[in-house]
Protein chains: 2
Amino acid sequence: MPFSPGSGTGWVDAMSEELSERSRLILKAIIEDYTVTGEPVGSRTLSRREGINLSPASVRNVMADLEELGYLSSPHTSAGRVPTEKGYRFYVASLLRVRQLSRDLREYLRRECQLRELDTEGLLREAGRILSATSNYTGLVMVPRFTTTVFRRIEFVRFSETRVLVVFITQAGIVQHKLVEVSEPLTQAELDEVTNYLNQEFTGLSVQEIKRRVARQMAQERAIFDSLQRRALLLSSSVLQHDLDDRVFVEGASNILEQPEFADLAVMKRLLRTFDQKALLVELLDKAQQVEGVQILIGSAEAHSEIEGCSLVTSCYSSDRGTTGILGVLGPTRMPYAMVIPLVDYAARLVSEILKNESDTI
Amino acid sequence: MPFSPGSGTGWVDAMSEELSERSRLILKAIIEDYTVTGEPVGSRTLSRREGINLSPASVRNVMADLEELGYLSSPHTSAGRVPTEKGYRFYVASLLRVRQLSRDLREYLRRECQLRELDTEGLLREAGRILSATSNYTGLVMVPRFTTTVFRRIEFVRFSETRVLVVFITQAGIVQHKLVEVSEPLTQAELDEVTNYLNQEFTGLSVQEIKRRVARQMAQERAIFDSLQRRALLLSSSVLQHDLDDRVFVEGASNILEQPEFADLAVMKRLLRTFDQKALLVELLDKAQQVEGVQILIGSAEAHSEIEGCSLVTSCYSSDRGTTGILGVLGPTRMPYAMVIPLVDYAARLVSEILKNESDTI
DNA sequence: CGTTAGCACTCCGCGGGGATGAGTGCTAAC
DNA sequence: GTTAGCACTCATCCCCGCGGAGTGCTAACG
């Protein structure tokens, strides 16, 4: 379960700064306490804690140092300390030890995913739901990018004079569809021929490869009067022209409202608006998708004010060569990473495994 | 734009009780004032209002009567009056005069819907988004019930040894898909044969009709050894067995948070949880779907506590014989019905029209 | 008899002013 | 280096008193 160093603001990255053993201990304790209570942590509380044999005053000294270094902050003079984002990043990168998911939970997840007969889209949605229910935060799942998917089958259905419904099925079993306008009328019989031709020609190729091939053939055989082939090429190029939308499933949006840090109305609205629009989610997930393994984004106010106070834990899943999507959990930065990280990790592995198993290559 | 009398608690229904002209005037004024301000309305405010030439004291007398009858209530002794649900129902059933939608808005909606090349699902989603954006509340769209839809085309794609991906396209252009388990392995070639057979056999029938036919044939021809036909029947019956899920699009869930009446955290959570789960939405929409025309449900605490304080304005759309879905707006009971009702009405007509136009029968 | 002015009453919301208590930083002693 | 002690700072809570909006009632008016 490697944490890859991310790039850009907010992503957890290796830290150069070194802290003394004692400072690390105290920072860890503060974060773990704060994770549970959500309240600023005071020196008394800490000094009473198992494993810390220091008086409140000594603890205060350390805390003052940590605050100076930017790992902690205090909401006001007479409150305890709260971890900063920097503190969290350090914690996740250097202090956190994640355990494996309990056997029970692993088996539970596996059963949930396999229980129902689900097509791929159903499986992905279900994965999101499970992530959400298990973590009590919001589950996010992005279906694989269209261009990286491997083509399995295409179908054309005549819809009206000039409109054709294109159904595109990827190797992983994701069904996407789209209505395209055609310049010259086509009968269903002609469409069927086109369908056969394209299915023979392109099965097993990635969308990218198909695009290249279509372009090449169209250039090459401009003079060809085999109308079937010409039409097929025209149609498929107009299908591939615009990518089909990237799709994100957001499950359990209301879960996040339970978090006391989002009790503020304005914050809550901003968050839900983000869920509604999805554009930012796609952007974030996309960025995380470029890296393997579990990725952790700890909300940074500068970069993405919409999800201030939030963290995003993600991992990629894949079905076959090149085709990867991403799934994860969005919750408050004050999140039990030791639980969420292995959860997301396992979910991604599970989805990958199921996708690979259930679709043999044709 | 007829308002059909609904059945069951909460649905707007014809009212037997009669009110004096003056009472009606005052009730109307109170509701319209409250719709704008969201604050309890006092007698002074009303008496100063255009069209009411009564002193505050007289107004108070009428208000006391209306309160006695259950059309109004006062949050506490020294606040003004607020309409009750009963008050709203009476208002919608008897006092409200809806104007037509402005030409500008009509044209705007039409343009928005036709602007992009959208397949049916895209159109329905877009309709939801537009309803939400125009009303500033939450847009709901339910795709037509599976059993009432008319079959256009089916495709089978071999997915693994024992799994077949079924893609089902309705006359209206809605694509649904599903993975089914088969007992005996099938090659893609066999599946193609089955596909052809079924498409020839069933195009243009409703799912219900197909179900009946399949059942009849299976009973009749038990002894038939034409394996193609047998397999085709087996497959299609296992597809039709479980209805595909009813699907609801919820657009602009965050809009509803802007409403001051939902500023309360608990209320808000309950509402969003309802959006997440969708089951209740399906139930409500389903009930409204049984009636033609614009339907108005004014939130009733007894029947559906989850949407207490909310109203639902819906109307059915249809593409072809029998196939109807429903769309609408969910907002606070304090809602400008005079605007929302024609909006929903027009949206439903628009969607119906576009669906009918763009798909000729094959 | 309906309408209206006047008046006492009620109750919400707001702002001020302790009291409380948690937590800190500093200093000095161990 | 660690710790006890102490003064200090704020947020929170609660209480109180006030102003204002709005009511219901009563009595006077046309």
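Letters A, B, ... mirror the listed sequences (proteins, then strands); counts begin at 1.
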Side chains of [X] and [Y], donor plus acceptor under 3.5 Å:
X        : Y        : value
B/Ser254 : A/Asp276 : yes
B/Ser311 : B/Tyr337 : yes
A/Tyr91  : A/Glu32  : yes
A/Ser74  : A/Glu67  : yes

Problem set entry | Min side-chain heavy-atom separation A/Leu285-A/Thr314 under 4.5 Å |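 Yes, their side chains come closer than 4.5 Å.
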Exercise. If you look at every heavy atom in A/Glu251 and A/Ser132, which pair is closest and at what distance?
Worked result: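 Residues A/Glu251 and A/Ser132, closest heavy atoms: O-CB, 3.4 Å.
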For this session: Locate the shortest heavy-atom distance separating B/Arg334 from B/Val36; write the atom from each residue and the value.
Result: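 Smallest interatomic distance, heavy atoms only, reads NH1-O, 3.9 Å.
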Exercise. What residues, two or more places apart in sequence or in another chain, satisfy side-chain hydrogen bond (donor to acceptor under 3.5 Å, both in side chains) together with B/Ser55?
Worked result: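 Partners of B/Ser55 under the side-chain hydrogen bond (donor to acceptor under 3.5 Å, both in side chains) test: B/Ser58.
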Problem set entry | Listed partners of A/Tyr137 passing side-chain hydrogen bond (donor to acceptor under 3.5 Å, both in side chains), at least two apart |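 Partners of A/Tyr137 by the side-chain hydrogen bond (donor to acceptor under 3.5 Å, both in side chains) criterion come out as none, since no residue qualifies.
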Might you list the N or O atoms of the protein lying below 3.5 Å from N or O atoms in nucleotides 28-30 of chain C, with each pair's distance?
none

[atom1] of [X] versus [atom2] of [N]: gap in Å, rounded?
X       : N      : atom1 : atom2 : result
A/Met63 : D/dT3  : CE    : C1'   : 16 Å
A/Leu72 : C/dG23 : CG    : P     : 15 Å
A/Leu66 : C/dG25 : CG    : P     : 12 Å

For this session: State, to the nearest 10°, the angle formed by the axis through the first five base pairs of the helix from C/dC1-D/dG30 to C/dC30-D/dG1 and the axis through its last five.
Result: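 Between the first-five-pair axis and the last-five-pair axis there is 20°.
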For this session: Give me the residues of residues 28-52 of chain B where at least one heavy atom lies under 4.0 Å from an atom of DNA chain C, by number, or none.
Result: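 Of all residues in residues 28-52 of chain B, none places a heavy atom under 4.0 Å from DNA chain C.
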Listing time: all N or O pairs from protein to nucleotides 18-20 of chain D that are below 3.5 Å?
none

Problem set entry | Partners meeting side-chain contact (heavy atoms from CB on, under 4.5 Å) with A/Asn61 (sequence neighbours left out) |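 Counting only residues at least two positions away or on another chain, A/Asn61 forms no side-chain contact (heavy atoms from CB on, under 4.5 Å).
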For residues 20-30 of chain A, which side-chain N or O atoms pair as donor and acceptor with protein atoms under 3.5 Å away, sequence neighbours left out?
unit_1: A/Ser20; atom_1: OG; unit_2: A/Ser23; atom_2: N; d: 3.1
unit_1: A/Ser20; atom_1: OG; unit_2: A/Ser23; atom_2: OG; d: 2.9

Exercise. With sequence neighbours left out, what residues match B/Glu283 under salt bridge (Lys or Arg N to Asp or Glu O under 4.0 Å)?
Worked result: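 For B/Glu283, no residue satisfies salt bridge (Lys or Arg N to Asp or Glu O under 4.0 Å) once neighbours in sequence are set aside.
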Problem set entry | Nucleotide-resolved protein contact map, nucleotides 14-19 of chain C, B/S/- at heavy-atom distance under 4.0 Å | ------
Seminar exercise, completed: Each nucleotide of nucleotides 1-6 of chain C classed B (base within 4.0 Å of a protein heavy atom), S (only sugar-phosphate) or -, in 5' to 3' order, makes --SBBB
Problem set entry | Where at least one partner belongs to residues 36-45 of chain A, residue pairs that pass side-chain hydrogen bond (donor to acceptor under 3.5 Å, both in side chains), sequence neighbours excluded |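 For residues 36-45 of chain A, and leaving out neighbouring residues, the side-chain hydrogen bond (donor to acceptor under 3.5 Å, both in side chains) pairs sorted by first residue read A/Ser43-A/Arg60.
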Problem set entry | OP1 or OP2 of C/dG23 under 4.0 Å from side-chain N/O of A/Arg81 |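 It does not, given that no N or O in the side chain of A/Arg81 lies less than 4.0 Å from OP1 or OP2 of C/dG23.
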